[in-house]
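Working notes, beginning with the structure itself.
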Amino acid sequence: STVDKPKVLFVLGGPGAGKGTVCKNIIEKHGYVHLSAGDLLREERADPGSQYGELIESHISNGTIVPVEITCSLLDRAMQTSKSPNNKFLIDGFPRNQDNLQGWNQQMSNNVYVDGVLFIECSEKTCTTRCLHRGAKGSGRSDDNLESLKKRHQTYVKDTMPIIEHYRKLGLVYTFNGEQNPIAVFGDVEKTLHQLG
Ligand code: UP5
Ligand code: MG
């Protein structure tokens, strides 16, 4: 039954909207395990034993999306090994396109219950400024530069927004104003988490 299945909230929004930041705030208080698809891909890229390192790097620096088989198996493995005491997961930055959605539905949907999508809405201008600032401070991310950021944003509009629309039609999307300061964003998200129970 759905009772024993892991519960998932997807966290979506543009590159730099504040997905990772809000997730960090949520986990401290709400007993979720945070899984960032991007972080898992960057870890896999850094593993010298991985056959996918170059493929992942070319997608990340071009702002395009890694084939779902890779991302989904990283998410699946992380869910299995993380031992979430409450069996609740925040999946940050996934699913980002139709391929991701189809792969998730095929590989995962029987075993996982999707409670909703937290959508952090934020303008391209704000997102870009934040990521450039983070890059200038030495984030080490190969995609925190203007050229990659333009491509990341294009991919977000073309590929990810339709996925958010898909979940919106299912009545699963909760939208937040990501232009606010991190505490205000978190406060709004908390109200929704309390409603979801
Ligand atoms: N900041 C955050 N919130 C703020 C706020 N409210 N006010 C002011 N500043 C705020 O924040 C970004 C920066 O802004 C930080 O410096 C932060 O302090 C500040 P962060 O919380 O990191 O935002 P986030 O939305 O998580 O930004 P991120 O850069 O991680 O977004 P992306 O979606 O671009 O990155 P991700 O890691 O998810 O993906 C990277 C790439 O991996 C993708 O482009 C793609 O190539 C690949 N990928 C896949 O192929 N498949 C996947 O499933 C996932 C990723
Ligand atoms: Mg992030």
Side-chain angles (χ1 to χ4, degrees), residues 8 10-27 34-46 52-79 89-104 107-108 117-161 163-164 176-190:
V8 162
F10 292 129
V11 182
L12 294 175
K19 301 181 291 295
T21 300
V22 81
C23 286
K24 278 194 198 94
N25 285 323
I26 294 170
I27 56 168
H34 174 208
L35 300 177
S36 159
D39 286 349
L40 290 170
L41 288 166
R42 284 183 286 273
E43 277 167 33
E44 179 72 14
R45 177 187 63 184
Y52 300 123
E54 283 177 29
L55 178 79
I56 291 170
E57 175 49 25
S58 86
H59 281 291
I60 286 181
S61 57
N62 284 309
T64 52
I65 297 164
V66 172
V68 68
E69 292 74 18
I70 299 173
T71 314
C72 231
S73 60
L74 294 173
L75 285 169
D76 194 16
R77 188 171 71 195
M79 286 178 76
F89 295 88
L90 294 170
I91 298 189
D92 158 3
F94 178 94
R96 293 175 107 91
N97 65 2
Q98 198 60 39
D99 171 65
N100 281 184
L101 181 63
Q102 272 170 10
W104 171 270
Q107 290 178 57
M108 306 290 281
V117 176
L118 307 180
F119 170 38
I120 316 299
E121 197 170 33
C122 197
S123 67
E124 177 174 9
K125 188 164 175 261
T126 302
C127 287
T128 302
T129 304
R130 288 178 186 170
C131 290
L132 288 176
H133 185 67
R134 180 176 63 185
K137 284 194 304 183
S139 66
R141 279 184 53 161
S142 60
D143 57 352
D144 278 343
N145 59 78
L146 199 54
E147 200 189 344
S148 291
L149 278 159
K150 278 185 187 149
K151 294 175 184 166
R152 287 160 72 188
H153 192 81
Q154 280 166 8
T155 301
Y156 165 65
V157 171
K158 182 166 123 328
D159 296 335
T160 310
M161 280 184 160
I163 304 306
I164 297 166
F176 304 96
N177 176 5
E179 304 279 340
Q180 306 175 92
N181 67 60
I183 296 161
V185 177
F186 175 51
D188 289 349
V189 168
E190 273 201 302

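Indexing begins at 1, ligand by ligand and atom by atom, following the structure's order.
The backbone N or O of I60 sits nowhere less than 3.5 Å from a side-chain atom of K151 that would complete a donor-acceptor pair.
Taking a 4.0 Å cut-off on heavy atoms, C127 fails to register as neighbouring ligand 1. Using a 4.0 Å heavy-atom cutoff, A17 is listed among the residues neighbouring ligand 1.
Less than 4.0 angstrom separates some heavy atom of T64 from each of these atoms of ligand 1: 45 (C), 46 (O), 50 (O). Taking a cut-off of under 4.0 Å to the non-hydrogen atoms of G18, the atoms of ligand 1 that pass are 2 (C), 3 (N), 20 (P), 21 (O), 23 (O), 24 (P), 25 (O). Close contacts of ligand 1 with T71, meaning ligand atoms under 4.0 Å from a residue heavy atom, involve 53 (O). The atoms of ligand 1 that sit less than 4.0 Å from any heavy atom of G14 are 25 (O). Against a heavy-atom cut-off of under 4.0 Å, G93 is close to the following atoms of ligand 1: 52 (C), 53 (O), 54 (C). Near R152, meaning under 4.0 Å from any of its heavy atoms, are these atoms of ligand 1: 28 (P), 29 (O), 31 (O), 32 (P), 34 (O).
By the 3.5 Å distance cut-off applied to N or O atoms, A37 is not counted among the residues near ligand 1. Residue contacts with ligand 1: G20 is placed with a nitrogen or oxygen under 3.5 Å of a nitrogen or oxygen of the ligand (distance criterion only). For R141, a nitrogen or oxygen atom sits less than 3.5 Å from a nitrogen or oxygen atom of ligand 1, counting backbone and side chain alike. When only interatomic distances are considered, the shortest N/O to N/O separation between I65 and ligand 1 does not fall below 3.5 Å. Here's the thing with D144: none of its N/O atoms is less than 3.5 angstrom from an N/O atom of ligand 1.
At the shortest separation from atom 27 (O) of ligand 1 among protein heavy atoms lies G16 N, 3.1 Å.
Here atom 54 (C) of ligand 1 lies nearest to R96 when heavy atoms of R96, R134, Q180, K137 are compared. For atom 20 (P) of ligand 1, the choice among V185, N97, V11, T21 with the nearest heavy atom turns out to be T21. Remark: among candidates R42, R130, K24, H59, the nearest residue to atom 14 (O) of ligand 1 is R130, based on non-hydrogen atoms. When the heavy-atom distances from atom 42 (O) of ligand 1 to I60, L12, L40 are ranked, the shortest goes to I60. The heavy atom nearest to atom 24 (P) of ligand 1, considering only K19, H133, R45, H153, is found in K19.
Residue contacts with ligand 1, taken as heavy atom pairs separated by less than 4.0 Å, do not involve I120 at all.
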